[in-house]
Every structure is written in C-alpha cells, then in structure tokens.
S.K.: 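Next up is a structure, given as structure tokens.
Computed from a predicted structure; not experimentally measured.
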Amino acid sequence: LQQAIFPALAATFGIGIGNSGVLIGLMVAAAVISFSTFLAYLAWSRLTYTVGAEDIRVESGIVSRTARSVPYERIQDVSLEQKLLPRLFGLVSVKFETGAGGGDDLTLTYLTSEAGERLRQLVRERREEAEADQSAPVAGEEPEPRAAEERAEALFAMGPRRLLIFGLFEFSLAVFAVLGGLLQYAETFLDIEVWDVDFWRDLAAEQGGWILELGLYAQALGAALGLGTVALIGSATGLVRTFSREWGFLLERTSRGFRRRRGLFTRTDVVMPIHRVQALRIDTQLIRYRFGWHSARFISLAQDAGSSSHVVAPFAKMEELAPIVSAAGFRLPREDAEWHRASAASRTVSLVIEALVFLAIAAFAGSLIARNAPEWTVPAVALVLGLGVLSAGATLIAWRFKRHALDADQIMVRSGFLSPDSTIATRVKLHSVEIAQGPIARRLGYATLHLGLAGGELSIPGIPLERAREVRARILETITATDFSRLESA
C-alpha cells in the first residue's frame, strides 16, 4: 500500500478530473495497486531471516539474491519502530544497530509486534551468552519468550500538560513554507499567474484602497489580527509536531540499559545499553532557557532517527536531569570546578577576521549603492558597520563562556551565553586526542584539541598550546592506565 498509493494518485491526477477521466484514473490506480501488491508478495516470499548461534542472517531478492549476516557482538542496539499504517495492522519494524551508520544497519520490515519483541529479546540473550557452543534454533522456529519481565525504573516521563508547555516553546512557521510550495500548483486549479508581478501589484492596489478607507484604528486592528493569526498558526504547528513526536514519552532504567518509548503516529521503542553511552549533551534554546528548561541527549554508536545522539529528556528541569545523568555514570560539574577559557589570542584573531569581513561588505555595498542611489550610501555603510560592531560584541561575550574543565575521570566542555550547552564525556571512552594548529595558531601559540568520540564529535577550539598538551597528557594517562582486556564483556 505504501508503495502504491502515490503512483496511484499520480496516475489518477494525470488522466484528468472529468467524469470519464475519474473512471479511467480509478482503473489505472487499481492496476497500479494490484501490480505493486504482486511485486510486494514476490519480495516477501523471498525474504527470510535466520537466528543462528553466532549471528543473524537475512536473505532477500527475487532475481538476484542478497545475503547479509551480522554477528551478535557487532550489534549495538535493537530498536522497534511502528509507523502509522503498519501500526494499524499490528506490525513493527526491527532495526539492528551496528554502529556502522544508518545505511549499513540491518532492518526487518515487518514483523508482528509479538514476534518483533521476542526477536529483540532473543538477540540480546544470544549476544550476552558466554557459551559459544549453544546450538542455533531451526529456521522458522519462533523465539522463546523470556520467563519473566525485566524490572524497570522510570527515570523521566512527559504527560499531556508537559507536552502542551513544550509545544508552546516549539513555535514553528513551517506550515507557511508548505503553503508556499502549494502555490506553485495554484495555476493548475485557479485562473491566476502566481509569479506574475503585475497581478500582485494590481491586487495590492485594489486591496489598499478599501483598507485606507477604514481608518487608522481599523488598519491597526487588522494588523494585530494578522499577527495574532500568524502566532496562532505557529503555536498550533509546534503543538502538533510535539504531540505527534513525543506522545507517551517514557525513559526507563532496566537491567539492560535505558529504554525509551515515544510517538503518537510513529511509535519507537529503543534500548540503549549503558556501556554504549559515550557522552552526555545538555542543551537549551534562547527563550526556554529563561524559564529553566533543558534537553538531554546520549551520544552513542547507534543511530536515532539519523542522528548519533539519543534524546533522553527533550524538555526537563535541571533537577529532573540529575537522576538520568547519575544513572548513565556521569556527574554534573561542581560549583568549584576549575574552568579554563580559550586563548585571548584566538579571540583577537576572530575579531580581526570579522572586522575584515564586515569592512569588505561595507566597501562593496557602498560602491554598489553609490552608483544607483547615492543618497542611501552613508546609511547602508553605517548599517553594515553597526552590524559588525554588534558581531564583535557578541564574539567578546561568547569568548567568556567558551570553557572546559577536567575532573578525576571526565572532561566537560561548555559554550553559549544566551542558550548555553554542555558536553560531558568520560575520558576512558575517548579514542584519540589530536592537537591541530593552522599557520596563525602556530605563530600565536594556540590550538584546537580534537577528541576522538565514537558516534559524535567533541573539540575544544582556541586553547593555549601548553594547556592543550596538558589536557592531552591527562586524557592519555587515563586511557593507558586502563586494562581493557579486564573490563566486563560488553
């Protein structure tokens, strides 16, 4: 159905909207659906999966066959996803995260909800088995359910009231972009030329006449109503997006890690093993920060909707994040943490570069306007230079809030003053430490420190070279002091 609905609509629309056209279009649509159903049946009949003793194997293909085998030790996570149409039929998509990127992950679509849950449990058990000689089940045999449900501790949840507040902060005007795209097809149904400038000029002149007759107060009232309509549509759009994405949000701590469920139309069920969490990111936005709202994400090897970070608390107070941070094995920065700023030389270089850019823009704009509208030359140049001054001020303030700190086993990076965000990483889980210097940085004695973080990126720009070497030495000391062969099996 998913593969046939759009070709069927396109065929119907292409035939025409007359009486005979509708009949022919429906016949064409029925033929398209029948043909797609036949192809889907053939593909389904040739798609098999086998749960073996050491790996899970998927074979597919009608004319040419493709076989994919993934060992259990390569599987980072097993997640379940239910989009709206499969959910109506009680079906679920099972995705095996391998940490090799979304395109290389293994996905089974679709299984029944019960079979998908049993398969996920079985893959987890096989992955954790210490005995390598356990025999594989017979192909086609239903996995055995677990004897008892694993205990879960709720860490964070969002009810309708929290979603309503969250949706109001998610103000969006995306609906106007959709309407703008639909205008491209208006010429097909309406007798107007959308891109005809004269048409819109004449329409504005006609409307402007009766608007002027209403008087100043009526015009102000109309403007207020227009702004109110935009605000209402933007708020409604944000609410719809928030409720559809975050409905039933629940984060639990289980014996296997963190389990997150959310979604109204597309329901996702993701489990993140604790040892797979590489770092923690806490961020916010300009307005919600003034009310004390933050969001928290786990950076891991697995993918979450195309992103390497898993949202574990999209809208929470800092005191609500504390149990999540602690359960993941991290610690929030202490008040007496020793924070270090970026180098003053790197701040100066940024200011000089910004000044040169704005001066170049001012010179170009001034020369261009001087030839066409000389009276606007001075205001335009003053506007550009004013923006440059504001940008320089913002750079100076931002420099004061770009900081990093080390404690016994963590590294913390913080930036932003209007909407600050922080990243906390465990030093032992970092893969590499790289000091990078350009020609200016080498001459002025500062560098950018790139930290190898699996599944994400973490860097500290513009710190003094001596400090960069000190941080590198302390991180490498932590990594080399750990005997990874003695760690518990992942």
S.K.: Apply salt bridge (Lys or Arg N to Asp or Glu O under 4.0 Å) to R65 and E59, showing your working.
M.R.: CA-CA 7 Å; R65 299 287 291 171; E59 299 183 12; 3.5 Å; yes
S.K.: Taking the ring of F291 and the ring of F169, is the distance between their centroids below 6.0 Å?
M.R.: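 Between F169 and F291, the centre distance is under 6.0 Å.
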S.K.: Can you name the closest pair of heavy atoms from I62 and L39 and give their distance?
M.R.: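 I62 and L39 have their closest heavy atoms at CD1-O, 4.3 Å.
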S.K.: Is the backbone N or O of G263 less than 3.5 Å from a side-chain atom of T266, with the two atoms forming a donor-acceptor pair by type?
M.R.: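 Checked: no pair found.
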S.K.: Which distance, rounded to the nearest 0.5 Å, do you find between the CD of E170 and the CZ of R241?
M.R.: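 So the CD of E170 and the CZ of R241 are separated by 6.0 Å.
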S.K.: Here's a test for you: under side-chain contact (heavy atoms from CB on, under 4.5 Å), which of V311, D269, L155, V271 qualifies with R260?
M.R.: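 Only one of V311, D269, L155, V271 forms a side-chain contact (heavy atoms from CB on, under 4.5 Å) with R260, namely V311.
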S.K.: Walk me through whether I411 and I460 qualify under side chain to side chain contact (heavy atoms under 4.5 Å, CB included).
M.R.: CA-CA 11 Å; I411 181 167; I460 309 175; 3.8 Å; yes
S.K.: Nearest heavy-atom pair of A67 and R57: which atoms, and what distance?
M.R.: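 Result for this residue pair: CB-NH2, 3.3 Å.
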S.K.: Between F156 and V312, does the side chain to side chain contact (heavy atoms under 4.5 Å, CB included) criterion hold? Intermediate values first, please.
M.R.: CA-CA 8 Å; F156 181 75; V312 292; over 6 Å; no
S.K.: Checking H450 side chain against S459 main chain: does a donor-acceptor pair fall under 3.5 Å?
M.R.: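 No; judged by distance alone, with no hydrogens or angles, the pair does not exist.
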S.K.: For atom CZ of R290, decide whether the heavy atoms of other residues, nucleotides or ligands shown that lie under 6.0 angstrom number more than 12.
M.R.: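 Buried by this count: over 12 neighbours within 6.0 Å.
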S.K.: Pairing donors with acceptors under 3.5 angstrom, does anything connect the side chains of S113 and Q82?
M.R.: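 Short answer, yes.
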S.K.: Under the 3.5 angstrom rule, does the side chain of S415 hit a backbone N or O of K402 as a donor-acceptor pair?
M.R.: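 Not at all, since once roles are kept as given, no pair shorter than 3.5 Å links the two residues.
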S.K.: Using the rule given for side chain to side chain contact (heavy atoms under 4.5 Å, CB included), can you reason through L418 versus F401, listing the C-alpha separation, both sets of side-chain angles and the distance that settles it, and then say yes or no?
M.R.: CA-CA 10 Å; L418 294 177; F401 289 87; over 6 Å; no
S.K.: Do V92 and T112 touch side chain to side chain, with heavy atoms closer than 4.5 Å?
M.R.: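 With C-beta onward as the side chain, the pair stays apart.
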S.K.: Taking the side chain as everything from C-beta on, heavy atoms only, tell me whether Q285 gets closer than 4.5 Å to I287.
M.R.: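 Answer no - side chains too far apart.
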S.K.: Hey, are Q121 and E117 close enough side-chain-wise for a donor-acceptor pair under 3.5 Å?
M.R.: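 There is such a pair between these side chains.
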S.K.: Kindly indicate whether the side chain of V70, heavy atoms from C-beta on, has any atom under 4.5 Å from the side chain of D55.
M.R.: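 Sidechains of D55 and V70: no contact.
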S.K.: Does P323 reach the side chain of R253, with side-chain heavy atoms less than 4.5 Å apart?
M.R.: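 Side chain of P323 against side chain of R253, heavy atoms only: no contact under 4.5 Å found.
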S.K.: Are the side chain of E338 and the backbone N or O of D336 linked by a donor-acceptor pair below 3.5 Å?
M.R.: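 A pair under 3.5 Å: no.
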S.K.: Let me confirm one number: the CZ-CZ distance from R341 to R347, rounded to the nearest 0.5 Å.
M.R.: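 Rounded to the nearest 0.5 Å, the CZ-CZ separation comes to 10.0 Å.
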S.K.: If I take atom OG from residue S300 and atom CD1 from residue I274, how far apart are they, to the nearest 0.5 angstrom?
M.R.: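 Going from the OG atom of S300 to the CD1 atom of I274 covers 13.0 Å.
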S.K.: With D409, which of R427, R474, R331, K429 fulfils salt bridge (charged side-chain N to carboxylate O under 4.0 Å, His left out)?
M.R.: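 When R427, R474, R331, K429 are each tested with D409, the salt bridge (charged side-chain N to carboxylate O under 4.0 Å, His left out) holds only for R331.
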S.K.: Indicate yes or no for a side-chain donor-acceptor contact from S45 to the backbone of L42 under 3.5 Å, with no hydrogens or angles considered.
M.R.: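 Answer holds: yes.
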S.K.: If you round to the nearest 0.5 Å, how far is CG of L453 from CD1 of I299?
M.R.: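 The distance works out to 5.5 Å.
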S.K.: Answer yes or no: are there more than 12 heavy-atom neighbours, outside F265 itself, under 6.0 Å from its atom CZ?
M.R.: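 Counting other residues, nucleotides and ligands, CZ of F265 stays at 12 neighbours or fewer.
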S.K.: Between E246 and R162, is the closest basic N to carboxylate O distance under 4.0 Å?
M.R.: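 No, R162 and E246 are not salt-bridged.
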S.K.: Is the shortest heavy-atom distance from the side chain of L122 to the side chain of R126 under 4.5 Å?
M.R.: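 Yes; the side chains approach each other to less than 4.5 Å.
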S.K.: Would you check if there is a donor-acceptor pair between the side chains of E354 and S391 at a distance under 3.5 Å?
M.R.: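 There is such a pair (donor and acceptor under 3.5 Å, judged by atom type) between the side chains of S391 and E354.
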S.K.: I want to check something: taking the side chain as every heavy atom from C-beta on, are S93 and Y110 in contact at a cut-off of under 4.5 Å?
M.R.: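 SC-SC contact between S93 and Y110 confirmed.
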S.K.: Do the side chains of D407 and R334 get close enough for a salt bridge, i.e. N-O under 4.0 angstrom?
M.R.: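 So D407 does not pair with R334 through a salt bridge.
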S.K.: What's the verdict on side chain to side chain contact (heavy atoms under 4.5 Å, CB included) for V471 and H404, showing C-alpha distance, side-chain angles and the deciding distance?
M.R.: CA-CA 10 Å; V471 173; H404 70 277; 4.1 Å; yes
S.K.: What are the two closest non-hydrogen atoms of Y446 and G462, and how far apart are they?
M.R.: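 Heavy atoms of Y446 and G462 come nearest at CD1-CA, 3.8 Å.
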S.K.: Between T284 and H294, which heavy-atom pair has the shortest distance, and what is it?
M.R.: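 So the minimum-distance heavy-atom pair works out to CB-ND1, 3.9 Å.
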S.K.: Judged by atom type as modelled, is there a donor-acceptor pair below 3.5 Å linking the side chain of S326 to the main-chain atoms of A322?
M.R.: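 No.
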S.K.: Taking side chain as C-beta onward, heavy atoms only, is F258 less than 4.5 Å from L251?
M.R.: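 When only atoms from C-beta onward are counted, L251 and F258 do touch, with a gap below 4.5 Å.
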S.K.: Could you tell me whether the side chains of R281 and T423 share a donor-acceptor contact shorter than 3.5 Å?
M.R.: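 Yes - a donor-acceptor pair under 3.5 Å links their side chains.
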S.K.: Above 12 or not: heavy atoms from other molecules or residues under 6.0 Å from CH2 of W339?
M.R.: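 Yes.
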S.K.: Of all heavy-atom pairs between P461 and A342, which one has the smallest distance, and what is that distance?
M.R.: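 Heavy-atom minimum between the residues: O-CB, 3.8 Å.
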S.K.: Counting only heavy atoms from other residues, nucleotides and ligands, does the tally under 6.0 Å from CD of E319 exceed 12?
M.R.: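 Counting other residues, nucleotides and ligands, CD of E319 exceeds 12 neighbours.
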S.K.: Can you tell me how far the CZ atom of R262 sits from the CZ atom of R245, to the nearest 0.5 Å?
M.R.: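 Answer for the CZ-CZ pair, R262 versus R245, is 6.5 Å.
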S.K.: If you define the side chain from C-beta out and look only at heavy atoms, does anything of E81 sit under 4.5 Å from T107?
M.R.: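 No, side chains not in contact.
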S.K.: Between L264, L239, T242, which is the residue that forms a side-chain contact (heavy atoms from CB on, under 4.5 Å) with L163?
M.R.: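 In the set L264, L239, T242, the residue that makes a side-chain contact (heavy atoms from CB on, under 4.5 Å) with L163 is T242.
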S.K.: Calculate, to the nearest 0.5 Å, the distance between atoms CZ and CD1 belonging to R124 and I75 respectively.
M.R.: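 If I round to the nearest 0.5 Å, the distance is 11.0 Å.
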S.K.: Restricting to non-hydrogen atoms, name the atom on A313 and the atom on L321 that form the minimum distance, rounded to 0.1 Å.
M.R.: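 Smallest heavy-atom distance, with atoms named: CB-CD2, 3.5 Å.
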